[in-house]
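Take a look at this one; I'll ask things after.
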Amino acid sequence: MVRKKNKAKKGSQWADHLTQRAKAENYPARSVYKLMEIQKKFKVLKKGGIVLDLGCAPGSWLIYAARTVGNTGKAHGIDLKAVEVPLPENAVAHVGDIFEMDENIAAPDGKMYDAVVSDMAPATTGRKDIDAARSQALCEAALAKALELLGPGGHFVCKIFQGGDFKVFEKEVQQHFKQHKIFKPESCRKASKEIYIIGLNKK
Ligand SMILES: C[S@@+](CC[C@H](N)C(=O)[O-])C[C@H]1O[C@@H](n2cnc3c(N)ncnc32)[C@H](O)[C@@H]1O
């Protein structure tokens, strides 16, 4: 019992540390460290690239993506909620629903995206089956957009909750990308079921 308490305490100290670090580095959320870890390991974002960030509010992935692609690149995001923090000049956030997205999310200048990243999460109900089904639907929508908007060789990152139809989704990603990886960043809460599936080099 005491052990469990200590573990929980350590976990929350780690979370606090990341929240403070995010503040100091001008990111609105500590979730940015998950994308940083993904980038360090898989190099999904490249200088001069065009990135689409699905579920971009409150804006930390979008800011990091914009900083990473640099001035010659662009980062576009979409979320149900508005991003309220100032964004770098090469970033733009749209308000919208992934299930109703249209041409406003197409890559600029008739180009294709180099990377589509999704950290989307549904509003949770506490009912595991409902939450898992909603998360699965968001992942399917993200993959459909990635297949439509990514150029050949483009990369895909998607948060998914393990369980349910996770294996089915993994197979779909495997089918469309030359390589795929399953990755749990250190900065994810240990107790969380979230994991990232990464599709490298769209066929
Ligand atoms: C964990 S947050 C993303 C955090 C973000 N990556 C960051 O670092 O700032 C998940 C986001 O997914 C968004 N989301 C959920 N359902 C969505 C939908 N149908 N269309 C667009 N965004 C959605 C939520 O509004 C929420 O802001």
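Just so you know, ligand 1 is whichever comes first in the structure, and atom 1 is the first atom listed for that ligand. These figures come from a predicted structure and were not determined experimentally.
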Salt bridge (Lys or Arg N to Asp or Glu O under 4.0 Å) evaluation trace for K40 with E37: CA-CA 5 Å; K40 196 169 170 200; E37 285 184 56; over 6 Å; no
So do Y27 and R67 actually touch side chain to side chain, heavy atoms under 4.5 Å?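 R67 reaches Y27 side chain to side chain.
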Give yes or no for whether the N/O distance cutoff of 3.5 Å, strictly under, is met between D53 and ligand 1.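 Looking only at distances, the answer is no, because the N/O contact criterion of under 3.5 Å is not met.
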Hey, does A141 sit under 4.0 Å from ligand 1 if you only count heavy atoms?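 Flag not set, A141 not near ligand 1.
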Would you indicate whether the side-chain heavy atoms of I160 and I195 approach each other to under 4.5 Å?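 Touching, per the 4.5 Å side-chain cut-off.
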Can you find an N/O atom of I98 closer than 3.5 Å to an N/O atom of ligand 1?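 Checking ligand 1 against I98, an N or O pair does fall under 3.5 Å apart.
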Tell me: protein heavy atom nearest atom 8 (O) of ligand 1, and distance?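 Here the nearest protein heavy atom works out to S60 OG, 2.4 Å.
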What protein heavy atom lies closest to atom 19 (N) of ligand 1? Include the residue and the distance to one decimal.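 Minimum-distance protein heavy atom for atom 19 (N) of ligand 1 reads D97 OD1, 2.9 Å.
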Side chain of K81, backbone of P58: donor and acceptor closer than 3.5 Å?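 No; judged by distance alone, with no hydrogens or angles, the pair does not exist.
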Ligand 1-proximal atoms of P28, by part, heavy-atom distance under 4.0 Å: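 Neither part.
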Relative to the heavy atoms of G96, which atoms of ligand 1 are at a distance of less than 4.0 Å?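 Ligand 1 atoms under the 4.0 Å threshold to G96: 20 (N), 21 (C).
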Tell me which protein heavy atom sits closest to atom 15 (C) of ligand 1, plus the residue, atom name and distance to 0.1 Å.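 Its nearest protein heavy-atom neighbour is A121 O, 3.1 Å.
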Where the closest heavy atom to atom 17 (C) of ligand 1 is concerned, which of D119, L62, L80 has it?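 The nearest heavy atom belongs to L80.
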Which option, M120, K81, K159, owns the non-hydrogen atom nearest atom 1 (C) of ligand 1?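 Comparing heavy atoms across M120, K81, K159, the nearest one to atom 1 (C) of ligand 1 lies in K159.
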Note, W61 side chain near V117 side chain (heavy atom, < 4.5 Å):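 Side-chain contact under 4.5 Å: yes.
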Hey, which atoms in ligand 1 end up nearer than 4.0 Å to a heavy atom of G59?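 Reading through ligand 1 atom by atom, the close ones are 9 (O).
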How far is atom 2 (S) of ligand 1 from its nearest protein heavy atom, and which residue and atom name does that atom have?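 Its nearest protein heavy-atom neighbour is A57 O, 3.7 Å.
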For atom 24 (C) of ligand 1, what's the nearest protein heavy-atom neighbour? Residue, atom name and distance, please.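 Its nearest protein heavy-atom neighbour is D79 OD1, 3.5 Å.
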Using a strict threshold of under 4.0 Å (side-chain N to carboxylate O), is an ion pair present between D119 and K34?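 No salt bridge links K34 with D119.
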Using a 4.0 Å heavy-atom threshold (strictly under), name the region of L138 that reaches ligand 1: side chain, backbone, both or neither.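 Only the side chain of L138 comes within reach of ligand 1.
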Parallel, tilted or perpendicular, as decided by the 30° and 60° cut-offs, for the rings of H94 and H76: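 Tilted.
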Out of curiosity, does Y196 fall in the hydrophobic cluster containing M36 (side-chain heavy atoms, cut-off under 4.5 Å, transitive links)?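 Looking at the clustering, Y196 is in the same group as M36.
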Answer yes or no: does an N/O atom from F99 fall short of 3.5 Å to an N/O atom of ligand 1?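 Not met; the criterion fails.
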Answer yes or no: is there an ion pair linking E170 with K167, defined by an N-O contact shorter than 4.0 Å?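 The answer is yes: the pair qualifies as a salt bridge.
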Pairwise side-chain contact, I50 with Y113, heavy-atom cut-off 4.5 Å (strictly under):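 In contact.
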Determine, using heavy atoms of P122 and all atoms of ligand 1, whether some pair is separated by less than 4.0 Å.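 The answer is no, since P122 has no heavy atom less than 4.0 Å from ligand 1.
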